[in-house]
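Working notes, beginning with the structure itself.
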Number of protein chains: 2
Amino acid sequence: MITQEQRVRIRRQLAEVGLRATPQRLLILAILEETDEHLDAEAIYERARQWDAQISLATVYRALAKLKEAGLVAQRYFARDHRREYYEAVSKGEHYHFTCLGCGKVIEVRTPRIAQARQELSEALGLEFTHACICFEGYCPECAAKRRRGTLESRAVPRFTVGNGVTIDD
Amino acid sequence: MITQEQRVRIRRQLAEVGLRATPQRLLILAILEETDEHLDAEAIYERARQWDAQISLATVYRALAKLKEAGLVAQRYFARDHRREYYEAVSKGEHYHFTCLGCGKVIEVRTPRIAQARQELSEALGLEFTHACICFEGYCPECAAKRRRGTLESRAVPRFTVGNGVTIDD
DNA sequence: CTGTAATTGCGAATCATTCGCATCTACGTG
DNA sequence: CACGTAGATGCGAATGATTCGCAATTACAG
């Protein structure tokens, strides 16, 4: 699953940020790199266990904390459950997430307005932005239509398995 | 502390949204109305206890949940601690919060860009926004300067007693 | 090859929030 | 204005994601 070149590259990335290249960290980074989803610690742990049956959940949490600190992974929060942290490899361009409350689908949206707001606020107030947490919620076109027709299962308690809020680090 | 007119007005507001006007709810709403801060359940509980020594923390949580559902209070998340929920009375105009990582100060910022982004995304993708969670972090002008000079106490673990992320409901 | 500081695994601890349940109470109705 | 009942409350216990303590390992500079 982890290719040789990937292993080498990740080792270098870790060295660059001054982190020891432990097999657990290599594994976690590889897992985050090969998925499009936003995984929480538990999900990462489950996947990691398939390659390293001994890995512990605490290690996953600690590795993620270090990797986040080093800027290799980004932590995300999901709109409806801010207690659960999700992670993704830092690589995709700046984007935000819109979660449909009807079907749970997550739509990635892109807009320059947020960066613009930061720029303007920065200039106007002298603020130095380092971090932002942005997430949207509502209904996708299909669910919005259903809702207007009254055929949307209310309180379907959607399971947000994929997306969550987006946190942008500079 | 709770004026007669306030009491009457809150009663009406509660009736309008179909909630029973219990003394606990009146108290909690009054507390949220008379402060500029963003309080978490514990803080609200502490204040409420001064007027109703018997009130329970669980009641505070349940009341806040109902009031939020009814649109009378808004729930906020703070950037550095998304596990703790803060609340404020719904009244102030749309604004966002910027938290200084140096001194912990919270600056309310206003910008039309977020609404603009929602509008544009709504038109372009047919999304129906109902909710957004926005919060910024960084350094205020003073702390930014100190940081450049290297005189900013690093990792001062600022206590964010006042502000937190902003959640906007329609 | 060695010494050592960083890291791991394990289970226990945190701690904000939620729940279960028995007891009250707000408020529409008669 | 007393009643009945759905809805609220208080209490303590439960949840559940994340963090901690500590002894055992291990990455990696010298």
Side-chain angles (χ1 to χ4, degrees), chain A residues 7-8 10-29 38-46 48-49 51-70 73 75-78 80-87 157 159-160 164-165, chain B residues 7-8 10-29 38-46 48-49 51-70 75-78 80-87 157 160 164-165:
Chain A
R7 191 183 299 277
V8 171
I10 293 180
R11 283 196 112 84
R12 191 177 52 245
Q13 292 182 323
L14 288 171
E16 275 168 11
V17 296
L19 289 182
R20 284 193 187 177
T22 67
Q24 293 88 344
R25 287 171 184 174
L26 291 193
L27 181 52
I28 290 168
L29 268 178
H38 294 163
L39 306 175
D40 63 12
E42 189 74 31
I44 294 169
Y45 173 60
E46 290 306 336
R49 252 138 82 83
W51 275 271
D52 174 358
Q54 295 316 117
I55 196 170
S56 106
L57 184 54
T59 295
V60 172
Y61 274 105
R62 283 183 292 223
L64 289 170
K66 285 287 189 190
L67 295 171
K68 176 179 59 166
E69 200 181 309
V73 307
Q75 191 183 55
R76 307 275 127 109
Y77 288 101
F78 174 70
R80 278 298 185 211
D81 182 5
H82 276 246
R83 286 200 238 147
R84 185 178 237 112
E85 298 167 356
Y86 292 82
Y87 297 85
V157 186
R159 294 307 308 258
F160 306 102
N164 46 67
Chain B
R7 191 183 298 277
V8 171
I10 293 180
R11 284 195 112 85
R12 190 176 52 244
Q13 291 181 324
L14 287 171
E16 275 169 10
V17 296
L19 289 182
R20 283 193 189 176
T22 67
Q24 293 87 345
R25 288 172 183 172
L26 290 192
L27 182 52
I28 290 169
L29 269 178
H38 294 163
L39 305 176
D40 63 13
E42 189 74 32
I44 294 168
Y45 173 59
E46 290 306 336
R49 252 139 81 84
W51 306 95
D52 174 358
Q54 294 316 117
I55 196 171
S56 107
L57 184 53
T59 294
V60 172
Y61 275 106
R62 283 183 290 224
L64 288 170
K66 284 289 188 188
L67 295 171
K68 176 180 60 166
E69 201 180 311
Q75 189 182 57
R76 307 275 126 109
Y77 288 100
F78 174 71
R80 280 298 184 210
D81 183 3
H82 276 247
R83 285 197 242 150
R84 185 177 236 110
E85 299 168 355
Y86 292 83
Y87 296 85
V157 185
F160 306 102
N164 46 67

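Below, chain A is the first sequence line, B the second, and so on; all start at residue 1.
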At under 4.0 Å between heavy atoms, what does [X] touch on the DNA or RNA strands: base, sugar-phosphate, or nothing?
X       : answer
B/Gln54 : sugar-phosphate
A/Ala63 : nothing
A/Gln24 : sugar-phosphate
B/Arg25 : sugar-phosphate

Expressed in angstrom and rounded to an integer, what is the separation of [X] atom [atom1] from [N] atom [atom2]?
X       : N      : atom1 : atom2 : result
A/Arg83 : D/dA17 : CZ    : C1'   : 9 Å
B/Arg84 : C/dA16 : CZ    : P     : 5 Å
B/Leu19 : D/dT9  : CG    : C1'   : 15 Å
A/Leu39 : D/dA17 : CG    : C1'   : 16 Å
B/Leu26 : D/dA8  : CG    : C1'   : 13 Å
A/Leu64 : D/dA17 : CG    : P     : 15 Å

Polar side-chain contact B/Arg62-D/dG10 base: donor and acceptor under 3.5 Å: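 Indeed there is one.
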Measure from the side-chain N and O atoms of A/Arg25 to the backbone N and O of A/Arg20, and report whether any donor-acceptor pair falls under 3.5 Å. yes
Of B/Arg20 and B/Ala58, whose closest DNA chain C nucleotide lies nearer the 5' terminus? B/Ala58
